[in-house]
Enquirer: 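My structure is below; once you've seen it, I'll send some questions.
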Number of protein chains: 2
Amino acid sequence: MYAPTTKLSTTTSSARVLGVPPYHHGNLRTTLLAAAERSLREHGADQLSLRELAREAGVSHAAPRRHFPDRQALLDALAEAGFARLDVELRAAVADTPETFGPRLHATAAAYLRFATRDAALLELMFTRKHRDGAERLVAAAAAPFGFMHELIVQGQAEGVLEAGDPQRVGIVLFATLQGIATLINGSLVAPELLDGIVETAVDQFMRGSRRS
Amino acid sequence: MYAPTTKLSTTTSSARVLGVPPYHHGNLRTTLLAAAERSLREHGADQLSLRELAREAGVSHAAPRRHFPDRQALLDALAEAGFARLDVELRAAVADTPETFGPRLHATAAAYLRFATRDAALLELMFTRKHRDGAERLVAAAAAPFGFMHELIVQGQAEGVLEAGDPQRVGIVLFATLQGIATLINGSLVAPELLDGIVETAVDQFMRGSRRS
DNA sequence: ACAGCTTTGTTGTCGGTGCATACATTGTTG
DNA sequence: CAACAATGTATGCACCGACAACAAAGCTGT
């Protein structure tokens, strides 16, 4: 086993300049993931085909197998990346927000639903139960955004805006509400125009429902 | 076009007694749906195969096509039936409950999550966005349980337990919260043992968050 | 520098699936 | 009882995911 090649696509070769594609792609895994992400967004997980991705990347149909043992492994990797990106987006949303709980909660909720409605298929992938043993990686990736919610709740309690209590439970309920709203919107069961109003209602209810009284 | 044969499997024939299977199945559509429901529960929507169902029903692999133009049509039918059953179960849950809002809300939430965790794959199917034009039937079917939630909210407001306001919005938020909790549990992102506690927290928060103050 | 091992491609194949078309059988109805 | 509509069957196609055997390229120790 040699080093997992951190440096990208050096692909030695003199062949490159001649326009002859090198035998080794050099960066297949990343290329496949990027193509998969696009395909997922455009056509949904069901339509995603390994062979199709291979064609797009200009490699043989069996090449992806070297990087993803099977189709599900690719989907899992996408979901994992999705959680990471969600975490980044949530944290970015509060970065330029007053440090008080209220505005931060609003910003978080809005950011979550922006992510969820923009990448509906990805969201579905992230939360779909695909038992597959290696689910640990996924759960670990999901811990990041969950942790963020947790921190938010703790802050609210520290500020005295929220009642004391198990922040875990409360955080889960909050997370669930946002996720549920996304599901209803994405499933076309609720008109998208209602989104903003619903989020506002949800946030208000949450504040009132768990404020210190 | 002759009558859509309400009476089941009369399959005229003298052949029956001889053990020779009749040319016409007599009840294929229903049989397929039943088998599909079982397969869905046991192996998930991805693994559901029309050819497999045909084999189970003892019929050629092209036969299902007479009843479902394509695979998605079958899945849609399953989802539609799912909404109908959900509606029945929710209404049944409050049937033998005190007529006051509080107990009814609790019973509804519990019933929703029982349904959702018992038939996780079905739930996913019901709320997954499969744009496919004929989504109207699905949305119509979904209207039943949604309507139930709506009625529940209206009752709460009439009792004076809930503040006045758009029952639609509030109902959607409630529905979303339950749906979101189900998603988190089914996706193994939250341990099942926590379910009861979370539901309780959610219901309490809802009551506090929208009670008349 | 080169021999040997590891990684990452390639080609070919297999079983399975959804969808389509042409044909066969049966039930209904005028 | 003679159309005709409904429902199954047989066959074929294109595609897919998985697998195995082989080939090229990169690394590494001597």
Enquirer: Whether the side chain of R65(A) and the base of dG17(D) hold a donor-acceptor pair under 3.5 Å is what I'd like checked.
Expert: no
Enquirer: Round to a whole Å and report the spacing from CG of D70(A) to C1' of dG15(C).
Expert: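 That distance rounds to 17 Å.
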Enquirer: Please confirm whether the ring centroid of Y112(B) lies under 6.0 Å from the ring centroid of F148(B).
Expert: no
Enquirer: Expressed as a whole number of angstroms, how long is the span from E56(B):CD to dT17(C):P?
Expert: 11 Å
Enquirer: Would you indicate, yes or no, if dG17(D) has its OP1 or OP2 atom less than 4.0 angstrom from a side-chain nitrogen or oxygen of S49(A)?
Expert: yes
Enquirer: Rounded to the nearest angstrom, tell me the gap between atom CG in D46(B) and atom C1' in dC16(D).
Expert: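 Those two atoms, CG and C1', are 14 Å apart.
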Enquirer: Determine: side-chain N/O of R66(A) to OP1/OP2 of dA23(D), distance under 4.0 Å, yes or no.
Expert: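 False: R66(A) side-chain N/O out of range (4.0 Å or more) of dA23(D) OP1/OP2.
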Enquirer: Out of dT9(D), dT10(C), dC19(C), which has the shortest distance to the side chain of A62(B)?
Expert: dT9(D)
Enquirer: Please check this pair: side chain of N186(A) against backbone of A116(A), looking for a donor-acceptor N/O pair closer than 3.5 Å.
Expert: yes
Enquirer: Under 4.0 Å, heavy atoms only, any strand: does L53(A) hit a base, just the sugar-phosphate, or nothing?
Expert: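 Result for L53(A) = nothing.
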Enquirer: Which atom names give the shortest non-hydrogen contact between A79(A) and M126(A), and what distance separates them?
Expert: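 Closest approach of A79(A) to M126(A), heavy atoms only: O-CG, 3.6 Å.
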Enquirer: Considering all heavy atoms of both residues, which atom of L125(B) and which atom of A45(B) are nearest to each other, and what is their separation?
Expert: CD1-CB, 4.0 Å
Enquirer: Just call it for R55(A): base, sugar-phosphate, or nothing, with non-hydrogen atoms closer than 4.0 Å on any strand.
Expert: sugar-phosphate
Enquirer: Between atom CZ in R51(A) and atom P in dG16(C), what is the gap in whole Å?
Expert: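 Atom CZ in R51(A) sits about 16 Å away from atom P in dG16(C).
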Enquirer: Over all strands shown, is H61(B) touching base, sugar-phosphate only, or nothing at heavy-atom distances under 4.0 angstrom?
Expert: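 The residue H61(B) makes base contact.
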Enquirer: Please check if the number of heavy atoms outside E99(B) that lie under 6.0 Å from its CD is greater than 12.
Expert: no
Enquirer: Which heavy atom of A121(A) sits nearest to which heavy atom of G44(A), and what is that distance?
Expert: CB-CA, 4.1 Å
Enquirer: Toss me the dot-bracket line for DNA chain D: Watson-Crick and G-U wobble, both under 3.5 Å, 5' to 3', using | for pairs to another strand and [ ] for crossers.
Expert: ||||||||||||||||||||||||||||||
Enquirer: CD of Q47(A) versus P of dG17(D): gap in Å, rounded?
Expert: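 Going from Q47(A) (CD) to dG17(D) (P), I get 11 Å.
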Enquirer: Under 4.0 Å between any heavy atoms, over every strand shown, what does L48(A) touch: base, sugar-phosphate, or nothing? Just pick one.
Expert: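 Sugar-phosphate contact only.
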Enquirer: Rounded to whole Å, how long is the line connecting atom CZ of R29(B) with atom P of dA6(D)?
Expert: 15 Å
Enquirer: Specify the separation, in whole Å, of atom CD of E52(A) and atom C1' of dA14(D).
Expert: 14 Å
Enquirer: When we call it a touch if two heavy atoms are under 4.0 Å apart, what does S60(A) touch: a base, just sugar-phosphate, or nothing?
Expert: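 The residue S60(A) makes base contact.
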Enquirer: Show your reasoning for whether side-chain contact (heavy atoms from CB on, under 4.5 Å) applies to M149(B) and T108(B).
Expert: CA-CA 9 Å; M149(B) 291 280 189; T108(B) 300; 4.1 Å; yes
Enquirer: When the nearest nucleotide of DNA chain D is assigned to L50(A) and to A63(B) on a heavy-atom basis, which residue is associated with the more 5' position?
Expert: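 Between the two, 5'-proximity favours A63(B).
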Enquirer: Measure from CG on L75(B) to C1' on dT17(C) and round the result to the nearest Å.
Expert: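 The answer, rounded to whole Å, is 14 Å.
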Enquirer: When you check the gap from the basic side-chain N to the acidic O, do R85(B) and D119(B) get nearer than 4.0 Å?
Expert: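 Salt bridge: yes.
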